[in-house]
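FYI, side chains are in, hydrogens and waters are out, and symmetry mates aren't considered; it's all heavy atoms of this structure.
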Amino acid sequence: MSKSSYSLKAGRPSAGKRSITLTEKATKRVNFNVTPDEHRNLKVYAAKHGKTVTEVLKDYVRSLEP
């Protein structure tokens with residue numbers, strides 16, 4: 001048998017640092033828990049306004065004053 005050039009690696013492939021181009025902005029991930037009712041209300045609100053949940057939340061965060 002010949003040796004394979006493939007090897008198995010543990011870890012996340014996306015965990016490596018990636019350089020950011022001049023047109024991209026660095027981002028941070030925000031993760032939090034909501035109740036099923038809160039999630040449903042958020043989804044309904046987004047749908048009624050023709051947006052995704054992400055768009056609704058980003059719009060809200062942008063509206064906050066520092």
Engineer: Side-chain donor-acceptor pairs under 3.5 Å in residues 57-66, sequence neighbours left out?
Structural biologist:
residue: Asp59; atom: OD2; partner: Lys51; partner atom: NZ; Å: 2.5
residue: Ser63; atom: OG; partner: Tyr60; partner atom: O; Å: 2.6

Engineer: For Asn33, check side-chain hydrogen bond (donor to acceptor under 3.5 Å, both in side chains) against everything at least two apart and list the hits.
Structural biologist: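 Partners of Asn33 under the side-chain hydrogen bond (donor to acceptor under 3.5 Å, both in side chains) test: none.
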Engineer: Through direct or indirect side-chain contacts below 4.5 angstrom among Ile, Leu, Val, Met, Phe, Trp and Tyr, which residues connect to Val30?
Structural biologist: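 Phe32, Val34, which link up through side-chain heavy atoms under 4.5 Å apart, make up the rest of the cluster.
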Engineer: Enumerate the salt bridge (Lys or Arg N to Asp or Glu O under 4.0 Å) contacts for residues 38-49, please, sequence neighbours excluded, ordered by first and then second residue.
Structural biologist: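 For residues 38-49: Asp37-Arg40.
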Engineer: Under the ring pair (Phe, Tyr, Trp, His ring centres under 6.0 Å) rule, collect the residues that match up with His49, sequence neighbours excluded.
Structural biologist: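 For His49, the residues satisfying ring pair (Phe, Tyr, Trp, His ring centres under 6.0 Å) (neighbours in sequence not counted) are Tyr45.
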Engineer: For Ala46 and Val53, which heavy atoms make the closest approach, and how far apart are they?
Structural biologist: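 Closest pair (atom of Ala46, atom of Val53, distance): CB-N, 4.0 Å.
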Engineer: Checking Ala47 now: which residues fulfil side chain to side chain contact (heavy atoms under 4.5 Å, CB included) with it, not counting sequence neighbours?
Structural biologist: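 Ala47 satisfies side chain to side chain contact (heavy atoms under 4.5 Å, CB included) with no other residue.
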